[in-house]
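Sequence lines set the chain letters: A, B, ... in the order given, protein chains first and strands last, and positions in each chain run from 1.
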Amino acid sequence: MPKFDVDESLVRKLAGLLEETGLNEIEYEISDQRIRVTRGGATMIAAAQAAPMAQAPAMAGAAPAAAPSDAPPAGAVLSPMVGTVYVSPEPGAPPYVKVGDQVAEGQTLLIVEAMKVMNPIPAPRAGKVEQILVSDAQPVEYGDVLLVVQ
Amino acid sequence: MPKFDVDESLVRKLAGLLEETGLNEIEYEISDQRIRVTRGGATMIAAAQAAPMAQAPAMAGAAPAAAPSDAPPAGAVLSPMVGTVYVSPEPGAPPYVKVGDQVAEGQTLLIVEAMKVMNPIPAPRAGKVEQILVSDAQPVEYGDVLLVVQ
Amino acid sequence: MFEKVLIANRGEIALRIHRACREMGIRTVAVHSTADADAMHVRLADESVCIGPPPSRQSYLNMPAILSAATIAGADAIHPGIGFLSENAQFAAMVEEHGFTFIGPSPEHITLMGDKVAAKDAARSLNIPVVPGSDGAIDNDVEAMRVAEEIGFPVLVKAAAGGGGKGMKVAESSNDLVQALSLARAEAKANFGNDAVYLEKYLSHPRHIEIQILADSHGNVIHLGERDCSLQRRHQKLLEEAPSPALNASQRTAIGETATAAMRRFGYRGAGTLEFLFQDGEFYFIEMNTRLQVEHPVSEMITGIDLVREQIRVAAGAPLSLAQDDVTFNGHAIECRINAESSETFLPSPGLVTDYHAPGGLGVRVDSALYAGYRVPSHYDSLIAKLIVSGSSRNECLMRLRRALEEFFIGGIETSIPLHRRLIAAPDFINGDYDIRWLEKFVASKE
Amino acid sequence: MFEKVLIANRGEIALRIHRACREMGIRTVAVHSTADADAMHVRLADESVCIGPPPSRQSYLNMPAILSAATIAGADAIHPGIGFLSENAQFAAMVEEHGFTFIGPSPEHITLMGDKVAAKDAARSLNIPVVPGSDGAIDNDVEAMRVAEEIGFPVLVKAAAGGGGKGMKVAESSNDLVQALSLARAEAKANFGNDAVYLEKYLSHPRHIEIQILADSHGNVIHLGERDCSLQRRHQKLLEEAPSPALNASQRTAIGETATAAMRRFGYRGAGTLEFLFQDGEFYFIEMNTRLQVEHPVSEMITGIDLVREQIRVAAGAPLSLAQDDVTFNGHAIECRINAESSETFLPSPGLVTDYHAPGGLGVRVDSALYAGYRVPSHYDSLIAKLIVSGSSRNECLMRLRRALEEFFIGGIETSIPLHRRLIAAPDFINGDYDIRWLEKFVASKE
């Protein structure tokens, strides 16, 4: 096994973000890499990048085929594009939906902005908003889970 | 089973980072390695590498090695050196032994010549010559099966 | 210099660009489809962004997705690599409009050279030699004979409205010309409803020779000599070498000067390649590629110049790091394009790479994004590795290539390695005696 | 030229020699112990012979077995590689007596240079600079002071009968000399029963610099410049580079001319290396290695000369393929020795290599006999791979090395790669500011 090591600057950066944002915890996961730092309690999940060498070990062995990650949960609404999430129609306005809301099929759940175009993300079915996994102005990749409606 | 061990320097580094950043907890995971350190709960838990990697198949492409792959049969007499086999004391003379012969322990079975030196190969035990796997003047490697005596 | 470059490509070329960036201290952003989540360029990049599902149209050709990825990652510049969007002028323009630097030439240069007819006209006006022929349609047999004598036999009679070989006849000498004209006219009339024909010099055994150009935004243009890419099957290059066994130093200097003078006048910036047919000592322009080429490593090996680094430098506004006089040609280099396809049937062979062992040692370079456990997706190009071998002479290079191909082992999928092994043992190849039609015949002769 | 060469070695160097042979069209015979039946050199050789059980003494050091293998395989010549029998004069003589060619120098040259005292005397007589000191034992303090002033402080007082650091004292200046003499004499008396001591110049911060020599049997001798091998831990080199950051072109030329003149007078044949300590612009001969060196690839990368090919050529009686004027030095090269050992504890880490992925791309060479699925035996040296990186400048080379080390992945065993990654990030290393004691301090500073 290659030496297991941590990216100290990443830890410092996340610590700085905790301080700056007043959050209690940041957990960060990409494929087989995950980092979590806490300063108290509560949860927020972000997804982005990590250091290159930390990734190399994943090249190891067996080759799990190109699965993007774990299968998304039932009722997951995935981002159809790369872009930036907006949870409300304009800054300061109330969000389109909150956890626990009942939504109708086709109702706008949030917006993904790409190339200055606001793309409304409609509810694929009627149901209850179980989880919202993104926050306002967060970048998302293609296929990221935005929220869970069941 | 890989030896279970902890990377003390990694733990120390993370402890230092906790101190420096004022965090309560750092959790870090890469593929099958995970470490979590906390402060305040006064616990340190480090879990590293578990799942054994699937063994990569051996390189199959290049020239197949002349490997002494299979275990030699019971009663096999192996060549103790590289050299050339002679089955009789001199050209034209009858062979030391034939298949079916009863031999006494220490009796010469054949000769392996190396560097102009004739090395008699004695029977390691009394028994019957079951097989002779070499012919006169044949080159042999170290560990080649010369004959089988049982 | 850039802080962070987004690499809008995949496979070995994405890795090639990543390496150049890392060596310049530039951070990299990989973009990828869901089929490439485990790809080497994604694993090694500083950051990665998933931009779409497997089909290229929705991922690697998806301009808004790539630009969005550049925005969220905060990249300064975008390298388009080879293929995909690398010769898409609209993409180049969009990249610049969104405030990123496009690592490549201007959209105008891409557009012009992307149009075959306009490119030939441009070449002519830049004094780049093109295939001689009649200026437009030929009115009568007398004019045809005059033009044919002028350009020299054999000549090709081609339907003005034509394509696909219809209405195309070769006249070997003046004796054949009248008949060739009437046959071509008849075929042209029958196929396209238009019997206008024109004449062009017919090249019976040309080589494909291309000149590598580098230009900055300060008016400096250099060439890195030629590559011989005559070994093609169905217009796919299989093996390239530099220098060409068919060129001597004065021919190299002459065509290099023609090319650099033309590019200086053209106001070109970045890496580019002028492709020529070459026969009997004469060059005939075919087209210009306004991007990096797959076979660029052979030029790197004989000149010691990192082409991707120069591309990045000039895109950032820096001058070329060397002048023409600093360019020296040392030894010989050959590249084998290793494809995931059968060496016999040429059918693609995607799938799980169970074993991967690349050759090493003196004079051996491998550019590949493969690794044991990687699954070659079926959605993309079949190029999986480039083996580039260099030596102090062509003979040394050939011997080294032979031993490197002996060592190369890719398990689980079929590859073109067996074909390369056969190819480099062919006496014609060893003698450097091949033209653009040779490989097709060689492959066919197997059966 | 030879038809068939037996390679009396294992691991990466056996593969290195195999590659040179294949590129010369020479067939190869691998010999191996039972522990190496699956080794790369065995897999790739044209023929292989098992010569004994795992212990080296019974296999790779077993002269009769190797000669028998050469006989039954019908080899023309034997290449001893590095280590094992490569500096064994008796073996060289036996090889020749049995009618094979020994690819190396004459047994007489091996014998002479194998004796440290005789080697220094020979060097002195060949006008190679050695560490200055008293000619033999010092009789009294007055003579000591005279000699010390002559060679310059600091000086080392050493027991004539000594060894292992006993009876060895440094005198920084004339003030310390008398005390150093009396302490050294006392220690010498106590330890060896003999209080004779001698003086030698003390080098406080030398670099280890070695000159690569090639000589044929026609009186031609050339040098390939120097290698800086100062980065050592317990006398094991970890990383070597060429050119040395500490030498300029005129120093290179001067020491090269000294070395070639000496070797010409010496009548040497084959590849050889003169090792020096280098401090304050002066060279001091330590020893000569009458064989190939592990770090030979860095010289190959900056000169483009295949050292093993030249070894084989001159052993076959051919002249060197080039003269000193043909030797040019281009760019910079660094070699990292990758060992199967912990980067922290330096404990060996043999075992199954579950994954092996070597870096590629421009300027990257890997000499390694590893492959995924190979089991590193515990019986032999821990060197498993050499990563050699070249670039047009030292800085380019360093940047490239950094990215190549990022890409290198060996799974299942511990390797020195993490140490190399740390090492090349050290400011002293980046500045080229290190001597033979630097690495020990660097490694110790980790804790």
Side-chain angles (χ1 to χ4, degrees), chain A residues 2 7 9-10 13 28-33 46-72 76 78-86 111-119 134-146, chain C residues 4 6 18 21-22 27-54 58-59 62-74 94 97-98 350-356 369-379 412:
Chain A
D7 183 341
S9 64
L10 183 59
K13 183 194 287 183
Y28 211 60
E29 178 166 18
I30 304 169
S31 58
D32 52 6
Q33 295 182 82
Q49 319 307 335
M53 266 338 291
Q55 266 173 309
M59 199 176 296
S69 56
D70 307 297
L78 308 186
S79 178
M81 69 193 71
V82 191
T84 305
V85 166
Y86 293 106
I111 295 277
V112 175
E113 183 253 299
M115 306 286 300
K116 317 290 179 215
V117 177
M118 300 297 163
N119 302 281
V134 290
S135 54
D136 201 46
Q138 180 185 319
V140 289
E141 299 181 61
Y142 172 84
D144 276 355
V145 180
L146 302 173
Chain C
K4 199 188 266 190
L6 182 141
H18 164 81
C21 289
R22 296 295 298 158
R27 293 174 62 78
T28 56
V29 182
V31 295
H32 64 91
S33 72
T34 51
D36 277 339
D38 278 342
M40 184 80 101
H41 72 287
V42 177
R43 289 169 179 274
L44 288 174
D46 293 289
E47 299 173 38
S48 68
V49 181
C50 180
I51 53 168
Q58 293 166 262
S59 51
N62 182 342
M63 298 187 234
I66 291 168
L67 291 167
S68 292
T71 303
I72 67 174
M94 282 173 75
E97 279 157 21
H98 284 80
L352 181 67
V353 176
T354 54
D355 301 273
Y356 176 72
L370 280 203
Y371 58 89
Y374 176 68
R375 188 173 287 280
V376 178
S378 56
H379 311 275

Indicate yes or no: at least one non-hydrogen side-chain atom of C:H98 is less than 4.5 angstrom from one of A:M115.
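Yes, their side chains come closer than 4.5 Å.
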Tell me, for C:P377 versus chain A, whether the close heavy atoms (under 4.5 Å) come from the side chain, the backbone, both or neither.
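Contact with chain A is absent: no heavy atom of C:P377 under 4.5 Å.
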Output all residues satisfying side-chain contact (heavy atoms from CB on, under 4.5 Å) with A:A114, sequence neighbours left out; order by chain, then residue number.
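Testing A:A114 for side-chain contact (heavy atoms from CB on, under 4.5 Å), a comparison that skips the adjacent residues, returns A:M81, A:N119, C:S68.
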side-chain contact (heavy atoms from CB on, under 4.5 Å) with C:S59: which residues, sequence neighbours excluded?
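For C:S59, the residues satisfying side-chain contact (heavy atoms from CB on, under 4.5 Å) (neighbours in sequence not counted) are C:S33, C:I51, C:Y380.
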Could you tell me the separation between the CD1 atom of C:I72 and the CD atom of A:E113, rounded to the nearest 0.5 Å?
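So the gap between those two atoms works out to 10.5 Å.
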Measure the spacing between NZ of A:K116 and CG of C:L67 and express it to the nearest 0.5 Å.
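Nearest 0.5 Å value for the NZ-CG distance: 10.5 Å.
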Under a 4.5 Å heavy-atom cut-off, does chain C meet the side chain of A:V140, its backbone, both or neither?
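Just the backbone, heavy atoms under 4.5 Å.
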